[in-house]
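Single-structure report; data block below.
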Amino acid sequence: MEIAKAYNPKEAEESHYQKWEERGYFAPEINENADAMKYSIVIPPPNVTGSLHMGHALQHTLMDALVRRKRMQGFKTLWLPGTDHASISVQRKIVEQLREEGKTPQTVGREEFLRRAWAWKELYGNTITEQMRREGASVDWSRHRFTMDESLSCAVIEVFCRLYEEGWIYRGKRIVNWCPVDKTVISDVEVKDETRKDGKLVYLQYPVKDSDKKITVATTRPETMLGDTAVAVNPSDERYKDLIGKTILLPLTNREIPIVADEYVDAEFGTGAVKITPAHDPNDYELGLRHNLEQLVIMNDDATMNANAGADFEGLDRFKAREKVIEQFEELGLLEKIEDYEISLPTCERCKNIIEPLLSEQWFCNMDEMREMALDLMRREGVPHFYPQIPNEKVYTAWLENLKDWTISRQLWWGHQIPAWYDRAGNVFVARSFEDAKAAAQNAELTQDNDVLDTWFSSALWAFSTFGWNGEVTETQDLNAFSPTDVLVTGRDIIFLWVSRMIMTTQKFVGKKAFEDVVITGTVLGKDGKPMSKSRKNGVDPLDMFDKFGVDATRIYLASIATGADIRWNDTLIETYRNFANKIWNATRFCLMNSDGAQVDYTYLNPKAEVAEIKRLIGDELIDDFDEEDEEFLDKVEPEFAKDNPKENLSIADRWIISRLNKTALDVNRALDRYEFHTAVSRLYHFFWDDFCDWYIELVKDEITSETVNTKRDAARSRILTILEQALRLLHPFMPYLTEELWQKLPNISNELHNAAYSSAEQTIMLADFPAGDAGLIDERAEAEMQAVIDVISKVRNIRAEMQIKPSDKPTIHIAAAPNAQRIFAQNEAQILKLARAESLVLSEKSDVPKASAKAVTTLAEIALPLEGLIDFEKEISRLENQLNKLETEQQRLNGQLSNANFVDRAPAEKVQEIRDRVAEIETQVTALRQNLEALK
RNA sequence: GCCGACUUAGCUCAGUGGUAGAGCGCUCGCUUCACACGCGAUAGGUCACAAGUUCAAAUCUUGUAGUCGGCACCA
């Protein structure tokens, strides 16, 4: 078989996804087992305006790994994809489009605006879904949902109406967060405080009427003084006591405003006197209500001043107005001072512009009932389980406990229009349809509320609206089959915006938990350690990474990040995994180049079958003496048995790699069960590279590449192929393309390797059974023996490197060891000679070699390489001293512990014994090294 | 102001009580018939600092410093 020398990701990425999708592997219906357990995840719906960024790539990688493993394990698996309609983003695009044509939303009207929005969504809305195909995301496209789909929209209407009818949703006039650029209100969670060191605190003097006194107030927003309707002081503040009840002549305006007393004012802070602007500040608003103050709105929706600000200011932008107010105060001699002041500015999370607190009539949702449901779920069942639990669970519950009403209306057109109608008198009729509203209004003439709902209002229903719940239909097959979902994988930034709200609404409307577990990923930071952003230009486009390193390398790199930890983007790390992909490719290439006469066949890998076969062969007369645990006995019968059964003849190396493989499989499964993706990746990386490539392939290489055709060689070829096949399956959830590409090339692959739930599907690694790992195949004896062999080879290599022995020089290796250790080395003589590049192996119980030898010790062996003429005695002495030093340091430390009576008395006996054993080992080695050194000196 | 996280090799990061780890980089040697995106061998760390608990602390407790995050406040 011709196979390229290096892995070319593009080739593999082109062909497989389409097949997987067309053949329905992503849909839960592929599962043929009627009793299969379900496994479901809903995707955090990306913005329909968006394109894939690193955060998506990370989250999708983790979700896909979870889903692919569960699918391979035979679960009826659904990963449901979708997009949300992103009110503000789309609105902004269409406004921009209109502006280029010299039009505005108002001139074209709502209908035309929405027509354009839908057209835009049709044209560009698939960008991200196409990119997800590139990622290899195994989502069920047949269940793709969009938040403005008809059924999901019905769900929104139903939920709004129910909450209204129950009194949770109401309309009212409040101070809200107004974004003057997007010209809409946004909710508290969409406001981001930005600390600015260059703020100014401006001290303004207000003259008191019928007095020559002035009151000084301080403000960071001087322009709002145009909307002041009072000055407040603390009632017990001696400085101002006599002024309470008097009147201020508000400069720059013709207005007179009262001086009021209120406990809210902190006499210690600033001047102790506060200007009150009820229509432009939440605290002032509350205070204004208490004192019955006028609420004077002085700004337009674009944050320019309106007529209430006075003719001098009308039309001016808020910041221009600020300058002008300061100038005029200065001219009037009423500007006391300006101080530098660190302030935190509320900014719009999306457009970064400064939010203006503004008095406005909006729809709100009181969350008290739903909040209690969510808190209750956490208190009683600990659901959802956050991964990592710290600090996410605490952040989540603390936020819920302090939850305020949610501003749900938006002054936008793209989205779910609020199902509220008004008659001419301004009476409101909330209803599921215009007809219902009209009936309720007794056929009065009605106009619908202009606003739409917050996009997050519909996203909040995602955990059940996606399964068909729409208010009218409240039970569907999918809802029963897949809800609650098993896990939600998302970013820290939307715990409040989305996760918590989804938990609350699902609890209230379906009476279920939305999901059991929540995995909170960290943030992928730019190379500068800051969050990636367009303005910083530190972003890394996942698609560029796919092109440069391949999808699989990018995926497994992302999965290698510790769960929940932030990671600084680093090209050299992704290169590691590109190299890893190439390593897998080449290991497979090697196996395939030597695969004549071989096939993937699990009967080659089962030492248990071997034992059973031995039992059968040795017959009845010996069966009574047979003991599986009796290693001596096995040693005796194995060679006999193997003579006739090359298929069942497992070497120590075979037993070792089988043991390592099964440990790996167990570890990978355990790690993924705990969402420790990085642990799983690390185990796979080191198993494949270190155990399989560096050792196993090298150990069996001679046998496999032998040109002598015989059953023994073919058995060895089959074994390595079978190990490889198992490794590919373990890697598949992280590296879907590479593993499918290679798996399909293996000989004797068929759907018989599938999990039982997929026996009719065409052969694909996607549906192969995921290795669970078999603790019974862990062979500690083989691992210890193999380790002894590896130690010897490593020590010899070390001597060779230090003594600068040419690769072509092949010394003789002398090993002094106990008889049973000698047996191990004898059994692996060929491998030791090859990997240590030696001519011959001499085994003995006692060391007896020429003085001109380089030496080393391992746990089980004393090694000597006679190097007549090659040895540099000085170098050898320092080499041995180096070894000795290390051992003696350890010896000292351990002896220190053992001589501590407290340790021996109080530490677990097991631990003490462990250390005693280790000391004994060290002593043997130290003695040998000392003797060697003596001999040299 | 409150709460929390982090500080480990030159760099980026794993590691929740018992011999300090990985990848990259550095040094040395290899065109060894899968792979130079490779192979082999080294070097490199008072685990931020201080005190405490413990037979034993990178790991638990407290404090200090620095970095970052969330919330509150923001006249």
Side-chain angles (χ1 to χ4, degrees), chain A residues 3 5-7 193 195 199 201-204 216-221 231-232 264-266 269-277 281 283-284 341-346 388 390-392 394-395 398-399 402 492 495-496 523 527 529 549 553 557 560-562 564-573 575-594 678-679 682 685-686 693-694 697-698 701 705 793-794 797-802 804-808 834-835 837 882 889-890 893-894 897 900-908 910-912 914-915 918 922:
Chain A
I3 172 164
K5 199 173 168 183
Y7 175 49
D193 282 338
T195 304
L201 190 59
V202 179
Y203 290 77
L204 304 175
T216 302
V217 295
T219 178
T220 54
R221 294 187 294 154
V231 167
Y264 157 75
V265 180
D266 178 359
F269 192 94
T271 63
V274 186
K275 60 187 279 304
I276 300 299
T277 325
D281 182 281
N283 291 313
D284 293 6
Y341 192 67
E342 184 177 315
I343 46 169
S344 72
L345 286 175
I390 299 166
N392 297 307
K394 202 167 176 179
V395 168
W399 184 77
N402 296 299
R492 240 194 312 270
I495 292 179
F496 308 147
T523 310
K527 290 184 176 87
F549 301 106
Y557 164 53
S560 77
I561 300 166
D566 289 349
I567 184 79
R568 210 180 269 225
W569 186 265
N570 188 339
D571 269 4
T572 65
L573 282 171
E575 275 173 25
T576 298
Y577 290 100
R578 179 203 54 189
N579 297 351
F580 183 49
N582 190 53
K583 190 75 178 173
I584 296 168
W585 177 269
N586 272 290
T588 306
R589 176 166 178 256
F590 169 75
C591 293
L592 290 175
M593 284 165 71
N594 299 288
H678 62 298
T679 308
S682 167
Y685 183 92
H686 291 290
C693 293
D694 285 351
I697 287 183
E698 298 303 330
K701 191 174 252 178
T705 55
I793 294 168
S794 297
R797 283 171 171 174
N798 175 273
I799 293 171
R800 297 188 63 111
E802 301 266 326
Q804 294 175 317
I805 295 167
K806 281 187 235 150
S808 50
K834 176 174 167 74
L835 298 185
R837 302 186 72 83
N882 193 21
T889 311
E890 195 185 345
R893 191 173 44 77
L894 297 181
Q897 275 186 287
N900 180 348
N902 275 330
F903 171 73
V904 181
D905 292 347
R906 301 200 198 179
E910 208 178 296
K911 191 83 232 161
V912 176
E914 204 175 285
I915 290 185
R918 178 67 187 145
I922 292 174

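Order of the sequence lines fixes the chain letters, A, B, ..., with proteins taken first and strands second; residue numbering starts at 1 for each chain. Given the structure is predicted, the values throughout are model-derived calculations rather than measurements.
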Does A907(A) reach a base, just sugar-phosphate, or nothing at all? Heavy atoms under 4.0 Å.
base

Tell me the partner of rU61(B), counting only Watson-Crick (N1-N3 plus N6-O4 or O6-N4) or G-U wobble (N1-O2 and O6-N3) with both under 3.5 Å; none if nothing fits.
rA51(B)

Does H678(A) make a side-chain N or O approach to OP1 or OP2 of rG15(B) shorter than 4.0 Å?
yes

Does rC11(B) have OP1 or OP2 under 4.0 Å away from a side-chain N or O of N570(A)?
no

Rounded to the nearest Å, what distance is computed from the CD atom of residue E575(A) to the P atom of nucleotide rG38(B)?
10 Å

Within the pair N283(A) and rC74(B), is there a side-chain N or O less than 4.0 Å away from OP1 or OP2?
yes

Looking at rC35(B), does its base get a donor-acceptor pair with the side chain of K583(A) below 3.5 Å?
yes

State plainly whether the residues R221(A) and D281(A) are in salt-bridge range, i.e. N to O under 4.0 Å.
yes

With rounding to the closest Å, how many angstrom separate the P atoms on rU62(B) and rG23(B)?
36 Å

Note: E890(A)-R918(A) ion pair, threshold 4.0 Å (strictly below):
yes

Rounded interatomic separation in angstrom, taking CG from N902(A) and P from rG17(B)
22 Å

With no angle test and no hydrogens, is the base of rA41(B) tied to the side chain of Q804(A) by a donor-acceptor pair under 3.5 Å?
no

May I ask you to verify whether the side chain of T576(A) and the base of rC37(B) hold a donor-acceptor pair under 3.5 Å?
no

Given rA14(B), is OP1 or OP2 found less than 4.0 Å from the side-chain N or O atoms of Y685(A)?
no

Within less than 4.0 Å of OP1 or OP2 of rA75(B), is there a side-chain N or O belonging to T220(A)?
yes

If pairing means Watson-Crick or G-U wobble with both distances under 3.5 Å, then the partner of rG1(B) is rC71(B)

Within the structure shown, what part of the strands sits under 4.0 Å from K275(A) by heavy-atom distance: base, sugar-phosphate, or nothing?
nothing

Looking only at N and O atoms, is any donor in the side chain of K701(A) or the base of rA34(B) less than 3.5 Å from an acceptor on the other one?
yes

Please measure how far the P atom in rU19(B) lies from the corresponding atom in rA56(B), and state the result in whole Å.
15 Å

Starting at atom CG of L573(A), determine the distance to atom P of rG10(B), rounded to an integer number of angstrom.
17 Å

Test item: Y264(A) and N283(A) side chains (from C-beta on) under 4.5 Å apart, heavy atoms:
yes

d(CG, N579(A); C1', rG38(B)) in whole Å
9 Å

Between rU19(B) (C1') and E910(A) (CD): distance, integer Å:
16 Å

Hey, does the side chain of R578(A) come within less than 4.0 Å of rC37(B)'s phosphate (OP1/OP2), counting only N and O?
no

Under 4.0 Å: is that the gap between some side-chain N or O of N798(A) and OP1 or OP2 of rU42(B)?
yes

Using a 4.0 Å heavy-atom cut-off, does D694(A) contact any base of the nucleic acid, only the sugar-phosphate backbone, or nothing at all?
sugar-phosphate

Identify whether NZ of Lys or CZ of Arg in K911(A) sits under 6.0 Å from the centre of the six-membered ring of F903(A) and within 45° of that ring's axis.
no

Using heavy atoms to find the nearest nucleotide of RNA chain B for Y264(A) and I793(A) separately, return the residue whose nucleotide is more 5′.
I793(A)

Any base atoms under 4.0 Å from S344(A), or only sugar-phosphate, or nothing? Heavy atoms, all strands.
base

Are D571(A) and R578(A) within salt-bridge range, i.e. N to O under 4.0 Å?
no

Whole angstrom is fine here: how far is it from CD1 in I343(A) over to C1' in rC73(B)?
14 Å

Whole angstrom value for the distance that separates P of rA56(B) from CZ of R918(A):
23 Å

In terms of heavy-atom contacts, N570(A) and Y557(A) come closest through N-OH, 3.8 Å

Report the base-pairing partner of rG38(B) (Watson-Crick or G-U wobble, both distances below 3.5 angstrom), or none.
rC30(B)

Using a heavy-atom cut-off of under 4.0 Å over every strand shown, decide if E698(A) touches base, sugar-phosphate, or nothing.
base

Separation of atom NZ in K806(A) from atom P in rC30(B), rounded to whole Å
11 Å

Nearest listed nucleotide, side chain of F903(A), among rG70(B), rC74(B), rG18(B):
rG18(B)

Check every strand shown and say whether R893(A) touches a base, only sugar-phosphate, or nothing at a heavy-atom separation below 4.0 Å.
sugar-phosphate

rC13(B): pairing nucleotide in any strand, Watson-Crick or G-U under 3.5 angstrom:
rG21(B)

